[in-house]
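So that the names make sense, note that chain A is the first sequence line, chain B the second, and so on, each numbered from 1. Keep in mind the model is a prediction, meaning the values are calculated, not measured.
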Amino acid sequence: MLLVHTLREERERVLAGLQKRHLDAAAAVDRIVALDDQRKELQTSNDTLLAERNTLSSEIGTLFKSGRKDEANALRERVNEIKGAVAGAEETLKGVLQELEDALLQLPNVPHELVPTGSSAEDNEVFKAYPGELPTLVDGAQPHWELAETYGIFSLELGVRTTGSGFPVFTGQGARLQRALVNYFLDRNTAAGYTEYAPPLLVNEDTARATGQLPDKEGQMYYIPEDDLYLIPTAEVPLTNLYRGELLDAGQLPVQLTGYTPCFRREAGSYGAHVRGLNRVHQFDKVEIVQLTLPEESYTKLDEMVAHVGSLLDELQLPYRILRLCGGDMGFTSALTYDFEVWSAAQQRWLEVSSVSNFETFQSNRLKLRYRGERGNELLHTLNGSALALPRIIAALLENNQQPDGILLPEVLHGYLGKERLTPVA
RNA sequence: GGAGGAAUGGCAGAGUGGUUGAAUGCACCGGUCUUGAAAACCGACGUGUCGCAAGGCACCGGGGGUUCGAAUCCCUCUUCCUCCGCCA
């Protein structure tokens with residue numbers, strides 16, 4: 001959620017930025033500022049009434065003590081009048097506050113100046129292209145969903161039996177590969193300074209709202225009405241919310257968190273060839289990294305996160321490129337996002353495996369996440385990124401490394417996997 | 001699931017209707033003293049909001065109510081603790 005202060009002080013920058021999202025927000029911004037003016041006015045006049053009431057009440061107390069009951073009763077009548085006025089004023093104020101909040105929730109984050117203009121994924125900027133030749137495959141190379149059968153990696157049919165479509169069941173060496181990747185990612189992240197957390201997979205409404213999943217994306221999350229809880233679409237949600245409402249000392253920063261969780265996404269309406277196999281599923285595993293930083297450091301930290309994620313893909317020896325998302329493709333809450341895509345050799349297409357974003361104060365405003373700074377208490381910046389999402393990594397590993405006698409996995413995984421290559425099942 | 005108890009500032013812990021935004025202790029910060037440190041002493045020390053400021057207002061788990069006035073009384077929700085039951 002944007003700050004009204006920002007809308008007032010940096011109106012032109014905000015409007016120009018939102019233009020990159022193809023959003024003409026001039027009217028909305030003006031309305032918000034007007035509502036905020038109204039809010040201040042109402043609050044000030046109401047406070048004046050309350051101040052009078054407080055003074056009179058204290059006088060009444062004194063009068064009673066000295067036995068001057070008649071005078072006290074006269075004042076009581078006056079206070080009762082004030083009470084009526086206060087009740088009316090508070091009712092109005094409440095309405096204005098609600099309108100203000102609703103209006104602010106409609107506005108997405110302001111894109112950073114580096115964000116390219118554009119309306120769709122086509123317009124994303126290739127920030128770092130894959131430097132080499134894209135690998136070519138041997139004849140008869142298979143896409144990962146076929147390899148999954150040959151090698152017994154996962155089964156979507158079994159998932160249908162237990163649950164429904166889009167819930168893969170990893171089996172045998174496939175399940176082991178999954179566990180190997182999770183451990184590898186967590187080890188690398190903790191070595192880079194991130195503290196490991198294993199958070200809850202269900203979150204309450206306040207939590208989902210603070211990181212921006214609510215109110216605009218409720219359709220994306222699985223919801224449990226009996227307990228009013230949501231299954232997390234990403235570990236970002238519980239991890240970032242661990243610090244909701246905190247007021248940190250600058251010395252505690254940056255806070256760096258990592259966590260492995262399954263992620264649940266409804267992905268309503270997504271069907272077809274592009275979602276075959278592991279390309280898009282309702283439940284998948286992901287290791288996430290989160291940072292809470294000083295405002296002036298957040299873009300340096302964003303670069304560091306990008307470099308870190310890149311190093312993981314380097315070690316996995318997967319061909320990848322980095323995109324800087326354009327205004328039209330960027331998430332609602334983000335100010336600047338880098339997407340990592342690995343090359344799926346058998347499908348001949350790029351698959352997104354990580355998204356690294358700086359939210360600046362957009363989340364921390366809802367989180368009420370602040371630090372004690374020299375200029376007073378200020379909102380922190382929040383950032384997060386996948387390091388990494390598993391299914392498409394697995395798809396690319398299978399497809400890119402297939403050889404006549406098996407699938408040779410990158411060296412970093414050998415220890416975790418207990419072997420060098422995956423072998424066909426009988 | 002059943003029965004009790006509790007929720008106050010960074011922590012501990014007073015406070016049952018009227019200068020209590022909140023005693024006291026600890027921690028933290030500034031200072032005095034000291035070669036330095038410790039101890040001792042002095043001072044400052046919650047958050048938000050409105051205001052140029054002085055200062056006002058709100059906040060004692062959340063929400064609602066009673067009252068001229070609520071941390072203090074009532075209702076409700078949540079969380080935690082103890083005991084019983086159930087259970088990975």
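- With rG46(B), rA58(B), rC50(B) as the candidates, the nucleotide lying closest to the side chain of L50(A) is rA58(B).
- Base pairing analysis places rU82(B) opposite rA3(B); the two distances defining the Watson-Crick or G-U wobble pair are each below 3.5 Å.
- The CD atom of E246(A) sits 10 Å away from the P atom of rG10(B) (whole-angstrom rounding).
- The P atoms of rU82(B) and rU32(B) are separated by 49 Å, rounded to the nearest whole Å.
- Remark: the separation of the C1' atoms in rU8(B) and rA71(B) is 7 Å, to the nearest Å.
- F167(A) and Y222(A) have tilted rings, their planes meeting at an angle from 30° to 60° on a 0 to 90° scale.
- A salt bridge is absent between E246(A) and K368(A): the closest approach of a Lys/Arg side-chain nitrogen to an acidic carboxylate oxygen does not fall below 4.0 angstrom.
- rA22(B) and rA12(B) have their C1' atoms separated by 16 Å, given to the nearest Å.
- Both T55(A) and L247(A) lie close to RNA chain B; mapped to their nearest nucleotides by heavy-atom distance, the more 5′-ward contact belongs to L247(A).
- In this entry rA88(B) has no Watson-Crick or G-U wobble partner, no candidate having both defining distances under 3.5 Å.
- Ion pairing of D339(A) with R324(A) is absent here, as no side-chain N (NZ or NE/NH1/NH2) approaches a carboxylate O to less than 4.0 Å.
- Atom NZ of K83(A) and atom P of rG65(B) are 11 Å apart (whole Å).
- To the nearest whole angstrom, the two P atoms, one in rC77(B) and one in rA3(B), are 13 Å apart.
- Atom CG of L248(A) is separated from atom P of rG46(B) by 19 Å (rounded to the nearest Å).
- Of the candidates rG56(B), rU49(B), rG64(B), the closest approach to any side-chain atom of K94(A) belongs to rG64(B).
- Centroid-to-centroid, the aromatic rings of Y299(A) and H381(A) stay 6.0 Å apart or farther.
- Counting any heavy atom pair closer than 4.0 Å across all strands shown, N377(A) reaches sugar-phosphate atoms only and no base atom.
- Taking atom CZ of R366(A) as the reference point, atom C1' of rG48(B) lies 20 Å away to the nearest angstrom.
- Pair assignment for rG18(B) gives rC68(B), based on Watson-Crick or G-U wobble hydrogen-bonding distances that are each under 3.5 Å.
- Atom CD of E315(A) has more than 12 neighbouring heavy atoms from other residues, nucleotides or ligands inside a 6.0 Å radius.
- Spacing of P atoms, rG15(B) relative to rG65(B), comes out at 29 Å, to the nearest Å.
- Base pairing of rG10(B): its partner is rC26(B), meeting the Watson-Crick or G-U wobble criterion (both donor-acceptor distances under 3.5 Å).
- Taking every side-chain heavy atom of N54(A) into account, rA58(B) is the closest of rC68(B), rU47(B), rA58(B).
- Comparing N80(A) and K40(A) against RNA chain B, the residue whose closest nucleotide sits nearer the 5' end is K40(A).
- When the P atom is compared between rG21(B) and rC57(B), the two are found 10 Å apart, to the nearest whole Å.
- Proximity note for S57(A) (side chain, C-beta onward) versus rG64(B), rG18(B), rG56(B): the nearest is rG18(B).
- Closest approach to the R370(A) side chain among rU49(B), rA58(B), rU47(B) is made by rU47(B) (side chain taken as heavy atoms from C-beta onward).
- At rA58(B), one or more side-chain N or O atoms of R53(A) fall inside 4.0 Å of OP1 or OP2 (strictly under the cut-off).
- Contact annotation: R372(A) side-chain N/O to rC28(B) OP1/OP2 distance is not under 4.0 Å.
- Checked for salt-bridge contact, R13(A) and E113(A) miss the test: no charged N lies under 4.0 Å from a carboxylate O.
- The separation of rC80(B) from rU66(B), taken at their C1' atoms, amounts to 29 Å, rounded to a whole angstrom.
- Remark: R78(A) engages E81(A) in a salt bridge, criterion side-chain N to carboxylate O under 4.0 Å.
- In this structure, I82(A) atom CD1 and rU67(B) atom C1' are separated by 15 Å, rounded to whole Å.
- Within 4.0 Å (heavy atoms only), R78(A) reaches no atom of the nucleic acid at all.
- rG9(B) sits 13 Å from rU47(B) when the P atoms are compared, rounded to a whole Å.
- We find that NZ of K368(A) is positioned 9 Å from P of rU49(B), with the value rounded to whole Å.
- Nucleotide rC68(B) holds its P atom 8 Å from the CD1 atom of I60(A), rounded to whole Å.
- Per the geometry, CD belonging to Q252(A) stands 13 Å off P belonging to rG10(B), to the nearest Å.
- When both distances must be under 3.5 Å, the Watson-Crick or G-U wobble mate of rC45(B) does not exist.
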